[in-house]
Asker: 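Pasting a structure here, questions to come.
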Amino acid sequence: DGGITQSPKYLFRKEGQNVTLSCEQNLNHDAMYWYRQDPGQGLRLIYYSQIVNDFQKGDIAEGYSVSREKKESFPLTVTSAQKNPTAFYLCASSMGTSKTQYFGPGTRLLVL
Amino acid sequence: GQQLNQSPQSMFIQEGEDVSMNCTSSSIFNTWLWYKQDPGEGPVLLIALYKAGELTSNGRLTAQFGITRKDSFLNISASIPSDVGIYFCAGAFTGTASKLTFGTGTRLQVTL
């Protein structure tokens, strides 16, 4: 089945630790996105990539980093510089210049 | 970053009732999307709208692209318990690299 997978479903981070969230898609989509969602709020864009080896900051990029070495994969690293990392992280993808984005199931990150 | 205003923020309705919600923006969009999110899951695309005045249905759901390009509406007819969730609107401009702006969400609860 075609779709977007995110792993793990739940992730725990200790203070001062970097963690990486995985996002893979087999939809042959060109563009991929990372969003953060806090309780009771909408989605805020962290980073996006329209093509392999290129990515741009979104509205809340501080404390996060990404890479896009393969079309299918867009991992997000939550660094120790992100002081409030506890949130629900969503990955999405879209085809070419289409505005229609499709989402993965999400990863919930908790700080111990 | 900008967020769209969705109304109402939450609604509590009885099974079988019709539901209406809307989304407004201070800026013009040329794409409107409606998503539904279940607790702990990623948003699922319900309807995509690409032309001002467009009216599109998906089963019991009907969405309209406002003629001013600054608003959109979603109606659910004959609600059922599985309609429970959070409904998000999202808008996009041409030339903004496929970036979406999301609404704040409408939480729908359905009672028997």
Side-chain angles (χ1 to χ4, degrees), chain A residues 3-10 21 23-25 27 29-51 54-62 74 87-110, chain B residues 1-10 21 23-25 28-51 54 56 58 63 65 69 72 85-109:
Chain A
I4 302 173
T5 57
Q6 291 186 242
S7 61
K9 184 70 173 175
Y10 296 93
L21 284 61
C23 178
E24 303 277 333
Q25 54 96 3
L27 299 168
H29 284 175
D30 300 298
M32 298 185 74
Y33 313 81
W34 274 105
Y35 292 90
R36 171 181 171 137
Q37 186 177 32
D38 293 287
Q41 297 192 27
L43 281 67
R44 293 184 290 169
L45 183 64
I46 304 173
Y47 268 98
Y48 65 102
S49 168
Q50 294 180 272
I51 195 170
D54 188 42
F55 48 83
Q56 286 79 40
K57 293 182 179 180
D59 300 317
I60 55 166
E62 185 175 352
F74 191 40
F88 191 48
Y89 291 88
L90 288 159
C91 178
S93 69
S94 66
M95 171 71 79
T97 56
S98 171
K99 305 297 185 185
T100 305
Q101 295 180 19
Y102 298 88
F103 284 84
T107 292
R108 186 167 299 281
L109 176 62
L110 299 168
Chain B
Q2 177 191 9
Q3 283 202 324
L4 306 176
N5 293 317
Q6 273 187 254
S7 178
Q9 286 188 331
S10 64
M21 61 189 78
C23 196
T24 59
S25 168
I28 290 173
F29 288 137
N30 53 28
T31 297
W32 282 98
L33 306 171
W34 284 93
Y35 291 88
K36 180 181 179 236
Q37 185 177 30
D38 292 328
E41 301 294 331
V44 174
L45 180 67
L46 298 174
I47 293 178
L49 302 161
Y50 302 106
K51 290 171 56 177
E54 180 181 356
T56 297
N58 178 8
F65 192 137
R69 296 180 176 263
S72 182
I86 302 176
Y87 292 80
F88 288 101
C89 62
F93 303 97
T94 300
T96 53
S98 301
K99 288 172 62 178
L100 293 178
T101 299
F102 281 86
T104 49
T106 292
R107 181 181 298 273
L108 179 63
Q109 294 174 287

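A, B, ... follow the sequence lines: proteins, then strands. Residue 1 opens every chain.
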Asker: Could you tell me which portion of B:Q37 (side chain, backbone, both or neither) has an atom closer than 4.5 angstrom to a non-hydrogen atom of chain A?
Answerer: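 Only the side chain of B:Q37 comes within 4.5 Å of chain A.
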Asker: With only heavy atoms counted, which part of A:Q6 is less than 4.5 Å from chain B, the side chain, the backbone, both or neither?
Answerer: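 No part of A:Q6 comes within 4.5 Å of chain B.
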Asker: Between the side chains of B:Y50 and A:T100, does any donor sit under 3.5 Å from an acceptor?
Answerer: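 The criterion, which ignores hydrogens and geometry beyond distance, is satisfied for A:T100 and B:Y50.
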Asker: Search all heavy atoms of A:S94 against all heavy atoms of A:Y33 and return the closest pair with its distance.
Answerer: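 A:S94 and A:Y33 have their closest heavy atoms at OG-OH, 2.7 Å.
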Asker: Would a 4.5 Å heavy-atom cut-off, applied to side chains only, mark A:D30 and A:M95 as touching?
Answerer: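 They are in contact (side-chain heavy atoms under 4.5 Å apart), so the answer is yes.
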Asker: When you measure from the centre of the six-membered ring of A:F88, is the NZ or CZ of A:R108 closer than 6.0 Å and no more than 45° off the axis?
Answerer: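 So A:R108 does make the cation-pi contact.
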Asker: In terms of heavy-atom pairs under 4.5 Å, which option from B:P43, B:G91, B:A48 contacts chain A the most?
Answerer: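 Among B:P43, B:G91, B:A48, the one with the most close pairs to chain A is B:P43.
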